[in-house]
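Below: the structure, in structure tokens.
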2 protein chains.
Amino acid sequence: MRVSTRFSDSVHILAFIEIYKSLKLSSELIASSIETSPVVVRRLMSTLRENDLIDTKKGSAEPKLSRSPREITLLDVYLAVEGDKQLFTLDTNTNPECIVGGNIQKVLGNYYEDAKMAALRKFNNVTLQDIIESIQVEQKAKEHHLI
Amino acid sequence: MRVSTRFSDSVHILAFIEIYKSLKLSSELIASSIETSPVVVRRLMSTLRENDLIDTKKGSAEPKLSRSPREITLLDVYLAVEGDKQLFTLDTNTNPECIVGGNIQKVLGNYYEDAKMAALRKFNNVTLQDIIESIQVEQKAKEHHLI
DNA sequence: TTTCATGTAACTTTTTAAGTGACAGGTATA
DNA sequence: TATACCTGTCACTTAAAAAGTTACATGAAA
């Protein structure tokens, strides 16, 4: 299938909302930064709203973060848009009559879960504030090189 | 897209080869355990062979592990079949003229890399031997419950 | 009251991997 | 040594998930 960029794009939306909170934040403007369509942005924002990460008002282009960027982690965003989707994919159709086919799902699934948890713990230690500050540092570094 | 089960299926193949090494290991037999087609198995086995995890002989149904199952880790298998594919997907098409769009790929990419490394370190600590023993334990537990 | 936005539904396109059919060439054994 | 079987690989089809698109009812605001 096509690869999902929902996680990346959602972080993008949240950072954009915070950094440009003084502007009129229409889905069209946000979409122009992500280079996607306004509908895709609105769909992602619906998910973010359902997960209490942003507040929006129908008909009005003024989305706001539901809480401080210091209190939103990458894990919050990941769970909002990817839910409990498995990160490493098990083949769930193996032959139960075979010793390997009949047991590998449970066995591998446990190791997959360990690995996924290790990754998600990393995300739990990164806040939206970290992302925003890193973006700003990168931007300044970029501008510095131009001089 | 369709979700990739190559990693799972490759571990399955390796465990199967080791557990049933006394049998004639045709791609058809292995495929019956994975419940897929022999061509899919042969394709995966080609990749495993290219990455020095198994030895095969054209025309002859006797694949062998290239080294002891204690010396093959889940990471070896993952890297063989997934290569350096990103685990969390960046949106690589964002607006470079925007502060967010122009810097988020690098910033998020770094955090994604940290999370991926944390997961892959877990896989580096699990051997094919661990998988095989876990499968056998699960099987015995299953049989025990039947009595 | 007109203009602009959101929220959402329905549909199409894109992408990636699995599945399928075919076949040249190697293996092995009756 | 003929025959049956198997691998390795190619080309093509199908399946599934998400992005992209079109459309529109409804709300906001000047």
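If you're wondering where the values come from, they're calculated on a predicted model, not measured in any experiment. So that the names make sense, note that chain A is the first sequence line, chain B the second, and so on, each numbered from 1.
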Name the nucleic acid region contacted by L29(B), choosing base, sugar-phosphate or nothing; use a 4.0 angstrom heavy-atom cut-off, strictly under. nothing
Spacing between E28(A) atom CD and dG20(D) atom P, to the nearest angstrom: 14 Å
For DNA chain C, what residues of residues 38-56 of chain A have any heavy atom nearer than 4.0 Å? V39(A), R42(A), R43(A), S46(A), R49(A), T56(A)
Would you kindly give the CG-to-P distance between D9(A) and dA17(D), to the nearest whole Å? 20 Å
Is there a donor-acceptor contact under 3.5 Å linking the side chains of S8(A) and Y112(B)? yes
Is it the case that the side chains of T127(A) and R70(A) hold a donor-acceptor pair, with the cut-off being a distance below 3.5 Å and no angle test? no
Has T36(A) got a side-chain N or O lying under 4.0 Å from the OP1 or OP2 atom of dG20(D)? yes
Does this structure show an ion pair linking E82(A) with K85(A), if we count only N-O contacts that are shorter than 4.0 Å? yes
Among dT27(C), dA19(D), dA5(C), find the nucleotide with the atom closest to the side chain of S60(B). dT27(C)
Please check if any side-chain donor atom of S46(A) sits under 3.5 Å from a side-chain acceptor atom of R43(A), or the reverse. no
Rounded to whole angstroms, how far apart are CD1 on I34(A) and P on dA19(D)? 11 Å
When you measure from the side chain of K24(B), which nucleotide among dC5(D), dA19(D), dT7(D) comes out closest? dC5(D)
Does the side chain of T94(B) come under 3.5 Å of the side chain of D91(B) through a donor N or O and an acceptor N or O? no
Heavy atoms of other groups near K116(B) NZ, more than 12 under 6.0 Å: yes
D55(A) side, atom CG; E62(A) side, atom CD - distance, nearest 0.5 Å: 11.0 Å
Whole Å only: how far is the CG atom of D91(A) from the C1' atom of dA17(C)? 12 Å
May I have the distance from N93(A) (atom CG) to dA15(D) (atom C1'), rounded to whole angstrom? 14 Å
Atom pair distance, as rounded to whole Å: NZ in K57(B) and C1' in dA28(C): 10 Å
Could you tell me the separation between the CG atom of L25(A) and the C1' atom of dT6(C), rounded to a whole number of Å? 14 Å
If only side-chain N and O atoms of S27(A) are considered, is one of them under 4.0 Å from the OP1 or OP2 phosphate oxygen of dT6(C)? yes
For S26(A), which contact category applies under a 4.0 Å heavy-atom criterion: base, sugar-phosphate, or nothing? sugar-phosphate
Could you state the atom-to-atom distance from CD1 of I30(A) to P of dA5(C) in whole Å? 12 Å
Does a side-chain N or O from T5(A) land closer than 4.0 Å to OP1 or OP2 of dA19(D), or not? yes
Comparing E62(A) and E35(A) on DNA chain D - which has the more 5′ nearest nucleotide: E35(A)
Please determine, for the side chain of K58(A), which listed nucleotide (dG27(D), dT7(D), dA19(D)) has the closest atom? dG27(D)
